[in-house]
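As the structure lists them, so they are numbered: ligands from 1, and atoms in each ligand from 1.
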Amino acid sequence: MLEKLINKFKSYELQARISQISRNIKQKNLTYLSCEKIINIEECLQDLKQNSVSGICLEAGIALGGSAIIIASLMPENANFHGYDVFEMIPPPSDQDDEKSKARYEIIKNGESKGINGKDIYYGYIENLYEQVVKNFESLGLKVDGKKISLHKGLFENTMYFTSTNSVAFAHIDCDWYEPVRLCLERIYPVLSIKGYLVLDDYNDYGECKKAVDEFLITHQNIVIIKSQGNLVLQRKSA
Ligand SMILES: C[S@@+](CC[C@H](N)C(=O)[O-])C[C@H]1O[C@@H](n2cnc3c(N)ncnc32)[C@H](O)[C@@H]1O
């Protein structure tokens, strides 16, 4: 009983700490992210503004667009947002992934997955998901114009390319399985700004996401862990 009350209080306390836009996104069931994870993202974006860190803000793994809309709404004024997703059913895990990931994918593939909070239709079953996401951005006052806000449809391996003139200030990597997480880290790292952030949504949820990140951290000692409760927050400290 007391534990229930304490948890309820904690949940109210976390809800009070997220921005109004994030509260709207949660109310509309547009994100899987907990308040704790959202707070970490909001703090990174605030820090980028305070330290004038330049570069684009991106998300790999959009689903209905919830966390993407939060990032695009709260990013530094001079930043652009880029979102990457297949905008259809999530691609399967690979042999590198664990049984939990494979079991989760089986449920999705068999049409048995529920929507966010057990409500609505699961995003992967929505026809024209890309158009739906564009509408979700619009419903929160943002236009996907291909300039300030761009969405790239397709597998990350075919859409996520950077040149040496690009820089990334913030990347939210939310794509569950080993291979896409590894690929995103590999592609983003060379252009990650100093003091820029990488946030790994599934580090504490899917074992093989953790494996991909831990392997990356061993070989990139200029990337340090800032937070590990909820999602994992990493920051680049030097060139
Ligand atoms: C957990 S959902 C993202 C949740 C979202 N960020 C939110 O606010 O709730 C993961 C997304 O990553 C996408 N995804 C996973 N692997 C991918 C890949 N290799 N290429 C493109 N999209 C991928 C899936 O289709 C799915 O939309």
Specify the protein heavy atom at minimum distance from atom 23 (C) of ligand 1: its residue, its atom name, and the distance to 0.1 Å. F156 CZ, 3.4 Å
Which class fits the ring pair Y122 and Y125: parallel under 30°, tilted 30 to 60°, perpendicular over 60°? perpendicular
Thinking salt bridges, do K135 and E138 make one under a 4.0 Å N-O criterion? no
Among protein heavy atoms, which lies nearest atom 13 (C) of ligand 1, and at what distance? D85 OD2, 3.3 Å
Taking all non-hydrogen atoms of both residues, which atom of C184 and which atom of M160 are closest, and how far apart? SG-CE, 3.8 Å
To the nearest 0.1 Å, how far is atom 7 (C) of ligand 1 from its closest protein heavy atom, and which atom is that? T31 OG1, 3.4 Å
Where ligand 1 meets A63 - atom numbers and elements under 4.0 angstrom, heavy-atom basis: 2 (S), 3 (C), 4 (C), 5 (C), 27 (O)
side-chain contact (heavy atoms from CB on, under 4.5 Å) with N136: of L64, L142, V144, only one passes, and it is L64
Quick one: which of I223, I41, L234, L48 gives a side-chain contact (heavy atoms from CB on, under 4.5 Å) with Y197? L48
Who's closest to atom 24 (C) of ligand 1 heavy-atom-wise, of I62, I90, N29? I90
Closest to atom 12 (O) of ligand 1 among protein heavy atoms sits G61 CA, 3.3 Å
Specify whether H152 and H82 have parallel, tilted or perpendicular ring planes, treating 30° as the upper limit for parallel and 60° as the lower limit for perpendicular. parallel
If you scan protein heavy atoms around atom 9 (O) of ligand 1, the nearest is Y32 N, 2.8 Å
Residue and atom name of the nearest protein heavy atom (relative to atom 16 (N) of ligand 1), distance in Å to one decimal: P91 CD, 3.7 Å
Considering all heavy atoms of both residues, which atom of S193 and which atom of S54 are nearest to each other, and what is their separation? OG-O, 2.7 Å
Is any N or O atom of V86, backbone or side chain, closer than 3.5 Å to an N or O atom of ligand 1? yes
Which pairs with one or both residues in residues 158-184 pass salt bridge (Lys or Arg N to Asp or Glu O under 4.0 Å), sequence neighbours excluded? E179-R182, R182-E186
For S67, counting its heavy atoms only, list the atoms of ligand 1 lying under 4.0 Å from any of them. 5 (C), 6 (N), 7 (C), 8 (O)
Could you tell me whether D97 and R104 make a salt bridge, using a distance below 4.0 angstrom between a side-chain N and a carboxylate O? no
Quick one: look up the protein heavy atom nearest atom 10 (C) of ligand 1 and list residue, atom name and how far away it is. D174 O, 3.1 Å
With a heavy-atom distance limit of 4.0 Å, tell me whether D176 approaches ligand 1 through its side chain, its backbone, both, or neither. side chain
Report yes or no: does a heavy atom of A60 sit under 4.0 Å from some atom of ligand 1? no
Among protein heavy atoms, which sits nearest to atom 26 (C) of ligand 1, and what does the distance come to when rounded to 0.1 Å? Y123 OH, 3.2 Å
Measure the distances from the heavy atoms of E59 to every atom of ligand 1 and state whether one is below 4.0 angstrom. yes
Linked, directly or transitively: V199 and W177 (ILVMFWY side chains, under 4.5 Å): yes
